Amino acid sequence: QVQLVESGGGLVNAGGSLRLSCADSGRTFSSYAMGWFRQAPGKEREFVLAISRGGGYTDYADSVKCRFTISRDNAKNTVYQQMNSLKPEDTAVYSCARASRTYYYATVPTRPTDFGSWGQGTQVTVSS
C-alpha cells in the first residue's frame, strides 16, 4: 500500500517562505502524476498545484501562480512544493496526493477524484 508522508509545514510570517516535501513509499512513483491540495478550517479542500509523472508539465491554482512552484525528484520518490510570498489566506492543512492511475505523460490531473492516495497533511500557518 502506498504511503505518502508530508513534511516541512509550520508557522511563518506573511511574506515568508516554506518548502513542503512529500515522500512516496511506492516503487512506481515515476508512473504517477502528483498533486498538492489544501483545506482551511470551515472550507472545502481545494486544488493548489500538480505535476505530471515525468515532471515536465505542471498546473497551478490562480491563487498561487507566481508564488508557489511544484517539482519532483523521481530518483528520491519525492514531490516538493516551494511556497514564497506567503499570505495569511494560505493558512491551511496541505496534503499531497498521488494520481489514481497512470495518465498520459503530459496530463496534469487537478480534481480530487483524479487522485487515489493521500497523505495525512501538514499544517501551514501564516501570521499577518
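The structure displayed is predicted, hence computed values, not measured ones. Positions are given from 1 along the sequence.
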> Which ILVMFWY residues can you reach from V5 by hopping between side chains whose heavy atoms are under 4.5 Å apart?
Replying inline: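 V5 shares its hydrophobic cluster with no other residue.
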>> Looking only at the side chains, is there a donor atom on one of T78 and D73 sitting less than 3.5 Å from an acceptor on the other?
In response: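 No pair is found: no donor N or O on one side chain lies under 3.5 Å from an acceptor on the other.
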>> Side chains of T91 and E89: any donor to acceptor distance under 3.5 Å?
In response: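 Judged by distance alone, the side chains do not pair up.
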>> Nearest 0.5 angstrom please: T122 OG1 to L20 CG, how far?
In response: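 One finds 6.0 Å between OG1 of T122 and CG of L20.
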> For the atom pair CG (N84) and CZ (R19), what is the distance rounded to the nearest 0.5 Å?
Replying inline: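 The CG atom of N84 sits 11.0 Å away from the CZ atom of R19.
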Is any side-chain heavy atom of [X] less than 4.5 Å from a side-chain heavy atom of [Y]?
| X | Y | result |
| --- | --- | --- |
| T69 | Y60 | yes |
| R45 | P112 | yes |
| Y103 | R101 | yes |

What is the minimum heavy-atom distance between [X] and [Y], and which atoms define it?
| X | Y | answer |
| --- | --- | --- |
| A99 | P109 | CB-CG, 4.4 Å |
| W36 | S21 | CH2-O, 3.7 Å |
| S128 | P88 | CB-CG, 3.8 Å |
| R38 | E46 | NE-OE2, 2.6 Å |
| L18 | G8 | CD2-O, 3.8 Å |
| L4 | C22 | CB-SG, 3.9 Å |

Is there a donor-acceptor pair closer than 3.5 Å between any side-chain N or O of [X] and the backbone N or O of [Y]?
| X | Y | result |
| --- | --- | --- |
| E6 | C96 | yes |
| T102 | S31 | yes |
| S25 | Q3 | yes |
| N74 | R53 | yes |
| S52 | Y57 | yes |

Treating Ile, Leu, Val, Met, Phe, Trp and Tyr as nodes and any side-chain heavy-atom pair under 4.5 angstrom as an edge, say whether [X] and [Y] lie in one connected cluster.
| X | Y | value |
| --- | --- | --- |
| Y80 | Y32 | no |
| V64 | V12 | yes |
| F115 | F29 | no |

>> What verdict does the side-chain contact (heavy atoms from CB on, under 4.5 Å) test give for V79 and I70, after you've listed the backbone C-alpha separation in whole Å, the side-chain angles of each residue and the deciding distance to 0.1 Å?
In response: CA-CA 7 Å; V79 61; I70 187 171; 3.8 Å; yes
>> Under a 4.0 Å threshold between the charged nitrogen and the carboxylate oxygen, would D90 count as salt-bridged to R67?
In response: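 Result for this pair is yes, salt bridge flagged.
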> Under 6.0 Å from the CD atom of Q120, do we count more than 12 heavy atoms belonging to anything else shown?
Replying inline: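 No, because the 6.0 Å sphere around CD of Q120 holds 12 heavy atoms or fewer from other groups.
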>> Which label fits F37 and F47: parallel for a plane angle under 30°, tilted from 30 to 60°, or perpendicular past 60°?
In response: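 Ring orientation of F37 relative to F47: perpendicular.
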>> Assess the residue pair V124 and M83 against the criterion (side-chain contact (heavy atoms from CB on, under 4.5 Å)); give the C-alpha distance rounded to whole Å, side-chain angles, the decisive distance to 0.1 Å, and a yes or no.
In response: CA-CA 10 Å; V124 171; M83 304 185 293; 3.9 Å; yes
> Can you list the steps and then say if R72 with M34 is a side-chain contact (heavy atoms from CB on, under 4.5 Å)?
Replying inline: CA-CA 9 Å; R72 64 189 296 161; M34 299 293 293; 3.8 Å; yes
> side-chain hydrogen bond (donor to acceptor under 3.5 Å, both in side chains) between T110 and D59: does it pass, once the steps are laid out?
Replying inline: CA-CA 8 Å; T110 62; D59 200 355; 5.0 Å; no
>> Between Q82 and F68, does the side-chain contact (heavy atoms from CB on, under 4.5 Å) criterion hold? Intermediate values first, please.
In response: CA-CA 5 Å; Q82 178 67 42; F68 292 11; over 6 Å; no
